[in-house]
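Notes to accompany the following structure.
Note that the structure is predicted; figures quoted are calculated from it, not measured. Lettering follows sequence order; numbering is per chain, from 1.
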There are 2 protein chains.
Amino acid sequence: MANANISDVAALAKVSVTTVSRVLNESASVSHKTRVKVQEAIETLNYKRSDLARGLRINETKTIGVIISNILNPFFTRMVRGIEDVSQNYNYNIVLCNTDEQPEKERKCLDMLLSKNVDGLIIAGTGGMNDYTRLENGFPTVFVDRRPDDKYKGRFDTVLVDNINGSAEAVEHLIDSGYKRIGVIAGSNESTTGYERFLGYKKALKNRGIPEDESLIKYGNFLGNMADQLTKELLEANCDSIFVTNNMIMLGVLEAVKKLGMRIPDDVGLVVFDDVEWMQYIQPSFTAVAQPTYQIGLTAMTVLMDRILNKNEEAPKEIVLPVSLIQRESSRKQNQSIV
Amino acid sequence: MANANISDVAALAKVSVTTVSRVLNESASVSHKTRVKVQEAIETLNYKRSDLARGLRINETKTIGVIISNILNPFFTRMVRGIEDVSQNYNYNIVLCNTDEQPEKERKCLDMLLSKNVDGLIIAGTGGMNDYTRLENGFPTVFVDRRPDDKYKGRFDTVLVDNINGSAEAVEHLIDSGYKRIGVIAGSNESTTGYERFLGYKKALKNRGIPEDESLIKYGNFLGNMADQLTKELLEANCDSIFVTNNMIMLGVLEAVKKLGMRIPDDVGLVVFDDVEWMQYIQPSFTAVAQPTYQIGLTAMTVLMDRILNKNEEAPKEIVLPVSLIQRESSRKQNQSIV
DNA sequence: TTGAAAGCGCTAACAC
DNA sequence: GTGTTAGCGCTTTCAA
């Protein structure tokens with residue numbers, strides 16, 4: 001038994017499809033009697049309207065596409081949950097795409113989502129040279145976490161956090177806690193987050209009058225692939241603390257520290273950009289720059305729905321959400337380490 | 001400028017829409033010359049085929065619906081990533097739905113996804129009295145992690161792990177490590193996972209000849225809502241170790257342990273069902289029952305695609321993936337605790 | 001208050 | 001190798 005369609009319902013209720021459509025959409029006036037008849041027919045046939053056909057006709061899918069780096073990263077997980085929760089309210093669905101930071105994959109995702117006729121897009125771009133020109137023409141799009149390339153400046157709504165000052169505060173905290181040789185494992189400079197957090201690190205050193213030391217600076221990526229190895233190099237360069245620029249890198253750092261049998265915070269102090277729930281519960285707990293991750297998703301989706309539903313045509317805006325340094329045990333220096 | 005459609009392309013290339021369709025689908029034979037003409041037209045118009053219209057016509061959306069409890073739970077996150085990775089290979093998309101373990105939400109998700117005409121479904125059910133009869137008629141569906149209600153026995157493909165023996169092994173390990181009063185915080189009995197892991201706990205006690213003690217058994221849920229409080233109660237009942245039945249509960253346990261200033265594994269030993277990456281890196285590292293989470297998603301999606309693409313009509317099967325106990329530091333008893 | 005009919009963008013007989 | 005045309009399931013003018 002194939003699924004019933006609108007004409008099956010019409011036939012059973014002995015009305016036209018137009019009338020059925022009217023009761024489905026609660027549009028125009030339908031007499032009480034017919035309405036009931038139709039509803040009964042719908043009930044008995046267990047009819048479900050095809051969003052596909054409807055979408056084709058009225059040109060909306062009630063679906064929005066979300067492009068992120070990797071759902072395994074708790075940062076994106078929480079963001080997606082924020083997006084999801086808003087979308088449920090509007091009876092929208094989201095379809096997810098992981099780029100793994102590969103511009104090529106991002107392009108493919110974008111193609112797929114556009115082919116799927118999504119009503120809007122939320123993008124945490126890879127920062128590669130991706131081409132968003134086809135979205136510039138008013139297609140509802142919100143960028144999150146990372147800004148699109150400068151050439152799109154002012155063209156898209158953007159929701160992100162203050163990476164520079166958040167990072168600077170974190171590093172200054174390390175310095176003020178007595179750490180002297182502060183290493184950093186930066187994410188890729190391709191993304192604005194990677195770049196800005198590194199800038200924050202440099203800013204803090206400058207603010208505190210500490211010279212930069214190339215041996216304390218390692219360039220990794222936000223997937224955390226090489227973090228293990230880079231941490232070892234940092235430790236060999238006698239760093240006494242590390243500013244970890246995202247939570248994926250953090251895992252590699254931990255792995256290296258554990259393998260080398262070193263102790264946090266005495267042998268090496270730690271501050272992480274992005275706070276993950278478990279960091280507060282472990283021994284020692286981790287000092288972190290907390291981002292309002294869920295809120296980012298929530299805000300982005302709200303802005304997006306405003307564009308879609310209210311056809312809001314104001315100039316795109318950039319919303320910067322605050323971060324906050326949460327001081328815990330991993331940055332509490334107790335003994336001066338012997339150099 | 002609205003998006004170009006297939007007839008725009010046809011017009012520009014001076015061919016019929018059929019021909020355009022043919023080159024799009026690489027079906028039938030099209031002369032090299034026309035093919036090139038069409039491709040050029042596609043290029044210049046930046047044409048993207050509408051999956052919506054196509055889907056309506058051929059009755060497929062290349063979309064599959066995934067119903068899970070909560071994407072914030074790393075278990076589901078990894079599972080979803082497994083599903084995603086397979087779906088990418090087939091050029092399928094997934095749309096996600098969180099139930100938060102509420103049967104009502106699950107029902108709503110199911111309705112939405114079916115209205116969206118998804119080609120298939122992967123479901124980690126809430127275990128409430130949800131009605132899957134409309135799926136029984138051969139709609140491609142795979143259940144994961146949890147079995148559907150017994151009345152659907154043998155009706156659906158299912159991919160899950162051996163919860164009973166995995167749990168039993170975990171608890172026996174605790175006993176064999178010298179722990180005597182082993183508490184448990186169980187998930188809801190609604191889901192087969194909750195029920196079976198609890199069964200595994202009881203089985204282990206029986207195997208080792210230890211009597212059950214009601215004061216050491218707490219009933220929580222897999223959201224981990226009350227885990228904090230329940231842990232306190234367990235500790236007050238003088239338990240010397242806890243079998244934690246999922247990773248969300250784990251966070252509550254940690255919170256309580258930290259607040260009470262107790263030490264793992266000396267004051268309280270710990271084994272968690274489900275291994276999360278960070279558990280191996282922290283001090284002390286956590287003993288865990290590792291589930292092949294990514295593999296579950298991968299397998300489920302592979303089975304599903306086989307049903308969809310190959311119209312595989314064999315009897316539904318249940319695939320049980322192995323779990324393994326990973327012994328780490330949280331269950332390594334050092335001093336006998338003073339009672 | 002209701003219905004007939006066109007059409008959203010595409011695919012697939014069928015004809016040439 | 002290529003084109004004409006019907007129709008997927010729905011919404012929406014227009015007319016009654």
From [atom1] of [X] over to [atom2] of [N], roughly how many Å is that when rounded to an integer?
X: A:Leu24; N: D:dG9; atom1: CG; atom2: C1'; answer: 11 Å
X: B:Ile42; N: C:dG9; atom1: CD1; atom2: P; answer: 16 Å
X: B:Asn5; N: C:dG9; atom1: CG; atom2: P; answer: 5 Å
X: A:His32; N: C:dT2; atom1: NE2; atom2: P; answer: 12 Å
X: B:Arg57; N: D:dA6; atom1: CZ; atom2: P; answer: 12 Å
X: A:Glu60; N: D:dC10; atom1: CD; atom2: C1'; answer: 13 Å
X: A:Ile6; N: D:dC8; atom1: CD1; atom2: C1'; answer: 13 Å
X: A:Lys62; N: D:dC10; atom1: NZ; atom2: P; answer: 16 Å

Of the candidate nucleotides [options], which contains the atom at the shortest distance from the side chain of [X]?
X: A:Val30; options: C:dC10, C:dT2, D:dG9; result: C:dT2
X: B:Leu56; options: D:dC10, D:dC8, C:dT11; result: D:dC8
X: B:Ile58; options: D:dC10, C:dA12, C:dT2; result: C:dA12

Does A:Arg49 have any side-chain contact (heavy atoms from CB on, under 4.5 Å) partners at least two apart in sequence or in another chain, and if so, which?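 side-chain contact (heavy atoms from CB on, under 4.5 Å) list for A:Arg49, sorted by chain: A:Leu24, A:Asn25, A:Tyr47, A:Arg54.
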
Quick one: list whatever passes ring-ring contact (aromatic ring centres under 6.0 Å, His included) with A:Phe143, sequence neighbours left out.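 Once residues adjacent in sequence are excluded, the partners of A:Phe143 under the ring-ring contact (aromatic ring centres under 6.0 Å, His included) criterion are A:Tyr132, A:Phe156.
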
Quick one: list whatever passes ring-ring contact (aromatic ring centres under 6.0 Å, His included) with A:Tyr294, sequence neighbours left out.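 None.
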
Listed partners of B:Arg22 passing side-chain hydrogen bond (donor to acceptor under 3.5 Å, both in side chains), at least two apart: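 Listed in chain order: nothing, the list is empty.
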
side-chain hydrogen bond (donor to acceptor under 3.5 Å, both in side chains) partners of A:Asp149, counting only residues at least two apart: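 For A:Asp149, no residue satisfies side-chain hydrogen bond (donor to acceptor under 3.5 Å, both in side chains) once neighbours in sequence are set aside.
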
Does C:dG9 have its OP1 or OP2 closer than 4.0 Å to a side-chain nitrogen or oxygen of B:Arg54?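 Indeed not, no polar side-chain atom of B:Arg54 lies that close.
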
Using a cut-off of strictly less than 4.0 Å, decide whether A:Ser7 has a side-chain nitrogen or oxygen near OP1 or OP2 of D:dG9.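 Looking at the OP1 and OP2 atoms of D:dG9, neither is under 4.0 Å from any side-chain N or O of A:Ser7.
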
So what does A:Asn59 touch, heavy atoms closer than 4.0 Å: a base, only the sugar-phosphate, or nothing?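 No contact.
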
Looking at A:Arg307 and A:Asp157, does any basic side-chain N land under 4.0 Å from a carboxylate oxygen?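 Yes, charged N to carboxylate O under 4.0 Å.
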
Look at B:Lys105 together with B:Asp100 and state whether they make a salt bridge at an N to O cut-off of under 4.0 Å.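 Between B:Asp100 and B:Lys105 there is a salt bridge, with a charged N closer than 4.0 Å to a carboxylate O.
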
Using a strict heavy-atom distance below 4.0 Å, which residues from residues 14-22 of chain A are in contact with DNA chain D?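 Here the set is A:Thr18, A:Ser21.
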
